[in-house]
Amino acid sequence: MPAKVFAAALALLTLTACGAEPVPATTFPAERLALPFDRYRPAFAEETEVGRARAKLVRACLHDHGVELDVPPDDRTPGPLDRSPNLRRYGVIDEPTATEFGYHFPRTSEERKSQAERRRWSAALTEAQRTALFGDRGCTAEADARLTNVDDDFLTDADFRSLRASERDPRVAKAVAVWRTCMGERGYGYETPSAAISDPRWNLDAEVIPAGEKQTAVADVHCKVTAHLVEEWHDAEAAVQEQEIQRDRPRFDALAAARAARLASTRRVLGSP
């Protein structure tokens with residue numbers, strides 16, 4: 001996607017100058033963050049279907065083995081990162097998120113409640129229940145085998161490489177330099193956006209988010225907009241990923257076929273009594 005398209009999309013975010021009083025930022029159009037590798041990953045709806053089928057198979061397996069255990073349903077509603085998996089790929093990119101969450105991942109209250117319930121459920125498992133669920137021949141492994149397990153480790157590796165390779169692109173390096181200057185004018189001495197988010201002062205697992213973290217994240221967003229950093233980085237990475245797909249087309253085709261087979265298996269399981 002050309003950088004000028006992003007520039008238009010970010011018009012409402014643009015500042016008159018890096019050190020100037022910012023225009024109130026709107027939510028970044030996350031749908032514009034799509035990357036070529038996304039075509040080979042399951043969307044939230046597909047993941048939810050697979051999760052429901054897996055839970056159904058696991059419950060049946062536990063029952064067959066005489067294990068009494070209530071497996072919680074996988075029926076959560078999608079959060080921001082489910083709807084746009086690349087939302088934080090280049091760090092925090094919209095002011096509302098930065099203002100509320102700083103550099104923390106944006107979780108809704110419902111997501112936090114669901115995660116807490118899952119942790120309590122997992123902590124209460126007996127050793128026998130844990131083995132029945134997660135042992136080498138446990139019910140989870142059996143369910144995954146029934147659903148046609150998808151081996152996408154190579155995609156995870158390629159995904160990491162594309163991010164690092166695009167970071168070295170001259171266009172991205174130039175945008176990072178503009179970002180760095182902008183942050184410096186605001187009193188921050190970070191060399192890169194990664195350095196800002198990994199500042200040791202931030203505890204990203206803590207429930208309470210300090211004001212300093214939120215203020216830094218907001219400045220980070222404004223300077224990314226000034227530097228057109230997100231659109232430049234996205235364009236560079238999209239090109240890297242497309243080249244990787246063309247270079248290793250049979251492997252990507254095999255991954256797509258495996259995903260289709262798993263989805264077919266999933267729907268057969270969900271359609272059976």
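For the numbers below, each heavy atom of this structure counts, side chains included, while hydrogens, waters and symmetry mates do not.
Side-chain contact, D199 with Y190: a donor N or O sits under 3.5 Å from an acceptor N or O.
Note: F252 and Y40 have perpendicular aromatic rings, judged against thresholds of 30 and 60 degrees for the angle between ring planes.
For R118 against P72, the heavy-atom pair with the smallest separation is NH2-O, 3.4 Å. When all heavy atoms of N86 and L33 are compared, the pair lying nearest together is ND2-O, 3.0 Å. Closest approach of L133 and L125 over heavy atoms only: CD1-CD1, 4.0 Å. The shortest heavy-atom contact between A227 and W179 is CB-N, 3.7 Å. Minimum heavy-atom separation, S122 to R130: O-NH2, 2.7 Å. Annotation for P36 and A238: closest pair CG-O, 3.5 Å, computed over non-hydrogen atoms.
When atom types are taken as modelled, the side chain of H234 and the backbone of A34 share a donor-acceptor pair closer than 3.5 angstrom. In this structure a side-chain-to-backbone donor-acceptor pair under 3.5 Å is missing from W233 to D169. Judged purely by atom type and a 3.5 angstrom limit, W121 has no side-chain atom pairing as donor or acceptor with the backbone of V71. Proximity of a side-chain donor or acceptor of R88 to a complementary backbone N or O of Y103 within less than 3.5 Å is detected. Using a distance-only test at 3.5 Å, with no hydrogens or angles considered, no donor-acceptor pair links the side chain of T131 to the main chain of A128.
You'll find the side chain of Y90 reaches within 4.5 Å of the side chain of L163, heavy atoms only. Between V50 and P42, the closest side-chain pair of non-hydrogen atoms is not below 4.5 Å. Inter-residue side-chain proximity for R186 and C223 is flagged as met; some heavy-atom pair is nearer than 4.5 Å. Side-chain contact between F37 and L155 is present, with at least one heavy-atom pair separated by less than 4.5 Å. Counting heavy atoms from C-beta on, the side chains of P106 and E100 never come closer than 4.5 Å. Looking only at side-chain heavy atoms (C-beta outward), E237 and V172 stay at 4.5 Å or farther from each other. For the pair C182/H222, no side-chain contact is recorded, criterion being any heavy-atom separation below 4.5 Å from C-beta on. In this structure the side chain of R89 reaches within 4.5 angstrom of the side chain of L35, judged on heavy atoms.
Each of T216, L87, V221 was evaluated against V92; a single residue qualifies, V221, per the side-chain contact (heavy atoms from CB on, under 4.5 Å) test.
Counting non-hydrogen atoms of neighbouring residues, nucleotides and ligands closer than 6.0 angstrom, the CD atom of Q246 exceeds 12 such neighbours. For F105, the CZ atom is loosely surrounded, since the number of other residues' heavy atoms within 6.0 Å does not exceed 12.
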Criterion salt bridge (Lys or Arg N to Asp or Glu O under 4.0 Å) on R54 and E47, from CA distance to verdict: CA-CA 10 Å; R54 182 184 292 111; E47 287 183 331; over 6 Å; no
Stepwise salt bridge (Lys or Arg N to Asp or Glu O under 4.0 Å) check, E232 with K174: CA-CA 9 Å; E232 293 289 5; K174 181 179 178 181; over 6 Å; no
Salt bridge (Lys or Arg N to Asp or Glu O under 4.0 Å) assessment of E191 paired with R180: CA-CA 6 Å; E191 287 294 309; R180 185 184 306 119; 3.3 Å; yes
Trace of the side-chain hydrogen bond (donor to acceptor under 3.5 Å, both in side chains) decision for S265 with R268: CA-CA 5 Å; S265 298; R268 283 194 295 271; 3.1 Å; yes
Pair R201-E213, salt bridge (Lys or Arg N to Asp or Glu O under 4.0 Å): steps then yes or no: CA-CA 8 Å; R201 292 179 298 163; E213 179 187 330; over 6 Å; no
side-chain contact (heavy atoms from CB on, under 4.5 Å) evaluation trace for E46 with R262: CA-CA 10 Å; E46 182 177 331; R262 183 179 65 175; 4.1 Å; yes
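Rounding to the nearest 0.5 Å gives a distance of 12.5 Å between CG of L147 and CZ of R267. Note that CG of L270 is 5.0 Å distant from CZ of R52, once rounded to the nearest 0.5 Å. Atom CG of residue D64 and atom CD of residue E142 lie 8.0 Å apart, to the nearest 0.5 angstrom. The NE2 atom of H104 sits 10.5 Å away from the CD1 atom of I197 when rounded to the nearest 0.5 Å. Note: K224 NZ to E231 CD = 11.5 Å, rounded to the nearest 0.5 Å. Note that the OG1 atom of T99 and the CG atom of D94 stand 8.5 Å from one another [nearest 0.5 Å].
One hydrophobic cluster, built from ILVMFWY side chains closer than 4.5 Å, holds both I93 and W202. F101 and V225 are members of different hydrophobic clusters when ILVMFWY side chains are connected at heavy-atom separations under 4.5 Å. Hydrophobic clustering (side-chain heavy atoms under 4.5 Å, transitive across Ile, Leu, Val, Met, Phe, Trp, Tyr) groups V58 together with V67.
Using a cut-off of 4.0 Å between Lys/Arg side-chain N and Asp/Glu carboxylate O, R164 and E167 are scored as salt-bridged.
The list of disulfide bond (SG atoms under 2.5 Å apart) pairs with a residue in residues 42-71, not counting sequence neighbours, reads C61-C139.
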